[in-house]
Amino acid sequence: MASEISPKAEIDPRAKIGNNCKIFPFVYIEGDVVIGDNCIIFPFVSILDGTRMGNNNKVHQGAVIAALPQDFEFRGEKSECVIGDNNIIRENVVINRATHRGCQTVIGNDNFLMEGAHISHDTKVGNRCVFGYGTKIAGDCEIEDGVIFSSSVIENAKTRVGKGSMIQAGTTFSKDVPPYIICTKRCEYGGVNMQVARQHGVDEKTLKHIANAYRLVFMGQTSLFDAVNQIEEQVPDGPFIRHVIEFLRGTQMGIISKM
């Protein structure tokens, strides 16, 4: 089915727009843009060079996709902002494209970005994440699947958030948040995020194993290195525990504080 494009939208003829899209008046789309099928682009949205958007996305008023990176290293290189399928991007969201040639900012599938959220250059977002009102994600961050950011969260550059974690409202953090936990407003471990972990297929027995693993990390008197070794020695193995271990071993910025 042909797309419904308002004659009042300004669209570069080089842009590639899929089937059955609806593009409202006063939308601005540049030439180096690819938009998939069944997307809805509401008025006053700007979709800029480097955008590669999948199917079934809704982009609401005032959003800017593939904005130039706010990075002092940016020299005008050609880069991309890749957005998957089934995302909801609400009003005034800004997503920057990557800084350097051949690099990408990536938003996966089924994410919900609430009003005023900002995803900066070269950040990689997984699937089924929620970004609350006014949440700001700095450059070069990594966010795994199913993460929930409450409102007004600030994630500083080059940090990671593990699968199934939740960041409480108003939190500003500069260290990694491990998988399946709650990060409190004071950037401290607030326990295992039981409800979301269950949604990720974690059974009750494994939840206890994860809780025991994090007791070693956050309540012990050892280094993170020794705590990870203790997890391997004391906690029964399984895919979820292995993911926790791999995440902890992969940290470059350190992890959030103990309670």
Side-chain angles (χ1 to χ4, degrees), residues 84-88 106-114 123-132 135 137 141-151 153 155 158-171 173-259:
D85 302 330
N86 307 309
N87 295 288
I88 298 175
V106 178
I107 310 293
N109 304 319
D110 301 294
N111 297 292
F112 191 168
L113 287 72
M114 295 186 186
T123 285
K124 307 293 189 293
V125 176
N127 305 315
R128 302 181 304 282
C129 296
V130 176
F131 296 84
T135 287
I137 310 297
C141 293
E142 296 180 19
I143 299 165
E144 296 185 342
D145 295 345
V147 174
I148 299 173
F149 293 86
S150 299
S151 61
V153 172
E155 177 177 359
K158 299 182 180 180
T159 52
R160 303 179 301 151
V161 182
K163 182 183 294 186
S165 285
M166 184 182 74
I167 317 298
Q168 291 185 343
T171 302
F173 63 101
S174 301
K175 294 187 176 182
D176 292 350
V177 178
Y180 311 116
I181 74 168
I182 297 169
C183 176
T184 72
K185 189 173 181 178
R186 297 174 60 183
C187 298
E188 295 178 339
Y189 171 65
V192 176
N193 192 8
M194 298 286 190
Q195 183 174 353
V196 173
R198 291 186 182 101
Q199 293 173 359
H200 282 257
V202 183
D203 60 34
E204 297 303 314
K205 185 176 181 180
T206 304
L207 277 173
K208 292 179 181 179
H209 296 332
I210 292 172
N212 287 334
Y214 284 130
R215 286 191 190 98
L216 295 170
V217 172
F218 290 107
M219 300 176 192
Q221 302 300 316
T222 63
S223 67
L224 178 61
F225 177 85
D226 289 337
V228 172
N229 288 337
Q230 290 176 353
I231 293 172
E232 289 188 316
E233 294 169 359
Q234 300 177 28
V235 179
D237 189 27
F240 295 102
I241 294 298
R242 284 197 296 274
H243 180 61
V244 169
I245 291 170
E246 290 168 1
F247 186 97
L248 295 173
R249 284 212 166 118
T251 186
Q252 299 293 318
M253 307 295 288
I255 64 170
I256 61 169
S257 302
K258 301 179 181 182
M259 295 176 67

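As the structure is a prediction and not an experimental result, all values here were calculated from the model.
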So CE of Met114 and CD1 of Ile88: to nearest 0.5 Å the spacing works out to 9.5 Å
Gly126 backbone acceptor or donor facing Asp145 side chain under 3.5 Å:
no
Would a distance-only check, ignoring hydrogens and angles, find a side-chain to backbone donor-acceptor pair under 3.5 Å from Ser174 to Glu155?
no
Has the side chain of Thr251 got a donor or acceptor atom that lies under 3.5 Å from a matching backbone atom of Leu248?
no
By salt bridge (Lys or Arg N to Asp or Glu O under 4.0 Å) - contacts of Glu246 (at least two apart):
none
Under a 3.5 Å distance rule, please check whether Asn87 uses its side chain to pair with a backbone N or O of Gly108 as donor and acceptor.
yes
If the threshold is 4.0 Å, N to carboxylate O, is there a salt bridge linking Asp176 and Arg160?
yes
Glu233: salt bridge (Lys or Arg N to Asp or Glu O under 4.0 Å) partners, not counting sequence neighbours:
none
Set of side chain to side chain donor-acceptor pair (under 3.5 Å) partners for Gln168, sequence neighbours left out:
none
Output for pair (His200 NE2, Gln195 CD), nearest 0.5 Å, gives 11.0 Å
All heavy atoms of Ile256 vs all of Cys187, minimum pair found to be CB-O, 3.4 Å
Quick check: closest heavy atoms across Gly190 and Thr184, and the distance to 0.1 Å?
CA-CG2, 3.7 Å
What's the spacing between Asn229 CG and Ile231 CD1 if we round to 0.5 Å?
9.0 Å
Rounded to the nearest 0.5 angstrom, the CZ-CD1 distance for Phe173 and Ile255 is 13.0 Å
Donor-acceptor pair, distance only, cut-off 3.5 Å: does the side chain of Asn127 make one with the backbone of Asp110?
no
Say whether, by atom type as modelled, one donor and one acceptor occur between the side chain of Ser257 and the main chain of Glu188 under 3.5 angstrom.
no
Side chains of Phe149 and Cys183: does their closest heavy-atom pair fall under 4.5 Å?
no
Can you tell me how far apart CZ (Arg215) and CD1 (Ile210) are? Round to the nearest 0.5 Å.
12.0 Å
Which distance, rounded to the nearest 0.5 Å, do you find between the CD1 of Ile182 and the CE of Met194?
9.0 Å
Any donor-acceptor pair under 3.5 Å from Thr222 side chain to Asp226 backbone
no
Hey, is the main chain of Tyr180 close enough, under 3.5 Å, to the side chain of Ser165 for a donor-acceptor pair?
yes
Got a salt bridge between Arg198 and Glu204, using NZ or NE/NH1/NH2 to carboxylate O under 4.0 Å?
yes
Does the separation of the ring centres of Tyr189 and Tyr214 fall below 6.0 angstrom?
yes
When you check the gap from the basic side-chain N to the acidic O, do Arg249 and Glu232 get nearer than 4.0 Å?
yes
Minimal heavy-atom distance between Phe247 and Pro178, with the atoms involved, is CE2-CA, 3.5 Å
Asn111 side-chain N/O to Val125 backbone N/O, donor-acceptor pair under 3.5 Å
no
